[in-house]
J.: 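Structure below; questions to follow.
Being a predicted model, the structure only gives us computed values, none of them experimental. FYI, the numbering just counts along the sequence from 1.
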Amino acid sequence: MLEIKNLHARVNPEEGADLAILKGVDLTVPAGEVHAVMGPNGCGKSTLSYVLAGHEGYETTDGAIRFEGEDIGELEPEERAARGLFLSFQYPVEIPGVPTLTFLKEAANAQRRARGEAEISAPDFMKLARENAAKLGISNDMLKRPVNVGFSGGEKKRMEIFQALMLAPRFLILDETDSGLDIDALKVVAEGVNALRNPERGMLVITHYQRLLDHLKPDVVHVMAGGRIVESGGPELAHKLEAEGYDKYAGEAA
């Protein structure tokens with residue numbers, strides 16, 4: 001479903017740096033599977049998520065990104081979103097003055113138009129919003145607020161998963177969704193992510209810690225160091241990393 005071959009990327013020189021971060025990433029995520037990427041700070045995990053989504057702050061210098069057989073490396077972020085890619089941010093941004101439901105309805109219909117589909121009606125949209133909000137314990141008051149404004153860190157993460165439920169993407173990239181969550185919020189967010197699992201949808205979960213993976217139970221765990229995938233294994237690999245840390249990969253990162 002998602003195939004990454006020899007991917008190299010750097011910070012866009014226009015952003016004030018010429019720093020290579022991804023140095024040959026190879027990764028394949030089939031439909032229906034959840035893959036986790038773990039690794040130390042600065043190894044390139046979040047950069048990988050941004051490059052997959054088409055963030056303008058990064059430049060791909062080599063390699064390819066194929067999604068459902070199509071090379072998407074030159075597509076704009078909105079074109080990738082219309083294809084079905086969804087990125088949940090580690091630090092969700094606030095958008096003052098834009099009501100959450102208005103934002104989501106416009107986003108959903110923009111994607112539908114890009115795919116040549118009919119727009120969702122207001123009654124159908126509101127029914128879907130109420131159903132999905134209930135799954136995540138999101139109140140009507142939260143839905144009425146501007147996007148992420150006045151929310152706690154945990155509330156912002158729940159709203160990210162709510163957005164995913166509303167947009168129903170083909171592939172989710174979750175960048176440290178567990179960051180800043182307490183135990184109860186982590187469980188709620190994980191339940192929302194698990195509700196999105198199906199045989200036609202893939203997920204790439206980026207995290208530092210094994211605790212989120214206890215709830216999500218990934219099919220494959222990858223270790224990233226020095227801008228590359230240096231080891232892959234089953235869920236037991238996450239427990240090993242939790243116990244032993246990343247010191248053994250320091251040489252491979254150099």
Side-chain angles (χ1 to χ4, degrees), residues 34 36-39 41-42 45-58 77-78 80-81 84-111 125-126 128-169 171-197 201 203-216 218:
V34 175
V37 175
M38 303 181 72
N41 286 328
K45 300 187 305 298
S46 290
T47 295
L48 176 61
S49 71
Y50 294 146
V51 170
L52 292 177
H55 193 294
E56 63 181 6
Y58 300 88
E78 61 271 19
R80 301 185 196 202
L85 283 179
F86 177 91
L87 172 61
S88 172
F89 293 99
Q90 180 180 357
Y91 302 108
V93 298
E94 298 183 2
I95 310 179
V98 180
T100 295
L101 290 181
T102 300
F103 169 77
L104 276 176
K105 188 169 182 291
E106 289 299 317
N109 282 331
Q111 291 189 8
F125 177 82
M126 289 306 301
L128 184 63
R130 287 191 292 268
E131 291 173 352
N132 287 328
K135 294 176 184 177
L136 295 168
I138 293 173
S139 67
N140 287 332
D141 177 64
M142 290 176 66
L143 295 178
K144 292 176 183 177
R145 293 189 206 174
V147 178
N148 290 325
V149 174
F151 292 167
S152 68
E155 287 173 335
K156 288 180 179 180
K157 296 305 178 69
R158 274 192 285 164
M159 292 301 291
E160 289 277 283
I161 303 306
F162 173 70
Q163 290 177 28
L165 287 167
M166 292 298 296
L167 296 173
F171 193 96
L172 281 84
I173 305 163
L174 307 178
D175 183 17
E176 299 196 30
T177 299
D178 53 337
S179 176
L181 298 181
D182 61 27
I183 294 173
D184 293 331
L186 177 68
K187 183 177 179 181
V188 170
V189 166
E191 288 174 351
V193 174
N194 280 326
L196 284 156
R197 296 180 79 152
R201 179 178 287 133
M203 297 189 196
L204 187 64
V205 180
I206 294 168
T207 182
H208 278 296
Y209 306 110
Q210 172 262 329
R211 62 176 192 156
L212 175 64
L213 305 185
D214 280 343
H215 296 283
L216 298 186

J.: Is there side-chain contact between F171 and L52, with at least one heavy-atom pair below 4.5 Å?
T.: no
J.: Quick check: closest heavy atoms across S49 and L87, and the distance to 0.1 Å?
T.: CB-CD1, 3.8 Å
J.: Any donor and acceptor pair, going by atom type alone, linking the side chain of E155 with main-chain N or O of S152 inside 3.5 Å?
T.: yes
J.: Tell me, do T100 and M142 make a side-chain contact under 4.5 Å, heavy atoms counted?
T.: no
J.: Which atom pair, heavy atoms only, marks the closest approach of L101 to M126?
T.: CD1-CE, 3.7 Å
J.: Nearest 0.5 Å, what's the CD-NE2 distance between Q210 and H215?
T.: 9.5 Å
J.: Under the salt bridge (charged side-chain N to carboxylate O under 4.0 Å, His left out) rule, what pairs show up with a residue in residues 98-109, not counting sequence neighbours?
T.: none
J.: State, yes or no, whether a side-chain contact exists between L204 and L172 at a heavy-atom distance under 4.5 Å.
T.: no
J.: I need the L213 CG to L216 CG distance, nearest 0.5 Å.
T.: 6.5 Å
J.: Donor-acceptor pair, distance only, cut-off 3.5 Å: does the side chain of R158 make one with the backbone of V189?
T.: no
J.: Are any non-hydrogen side-chain atoms of M159 and N148 less than 4.5 angstrom apart?
T.: yes
J.: Hey, what do you get for CZ (F162) to OG (S88), rounding to the nearest 0.5 Å?
T.: 14.0 Å
J.: Rounded to the nearest 0.5 Å, what separates atom CG in D175 from atom OG1 in T207?
T.: 9.5 Å
J.: Do L143 and I138 have side chains that get closer than 4.5 Å, going by heavy atoms?
T.: yes
J.: Mind running side chain to side chain contact (heavy atoms under 4.5 Å, CB included) on Q163 and F86 for me, showing each step along the way?
T.: CA-CA 9 Å; Q163 290 177 28; F86 177 91; 4.1 Å; yes
J.: Do L165 and L136 have side chains that get closer than 4.5 Å, going by heavy atoms?
T.: yes
J.: Should E78 and Q111 count as side-chain neighbours, where that means a heavy-atom distance under 4.5 Å?
T.: no
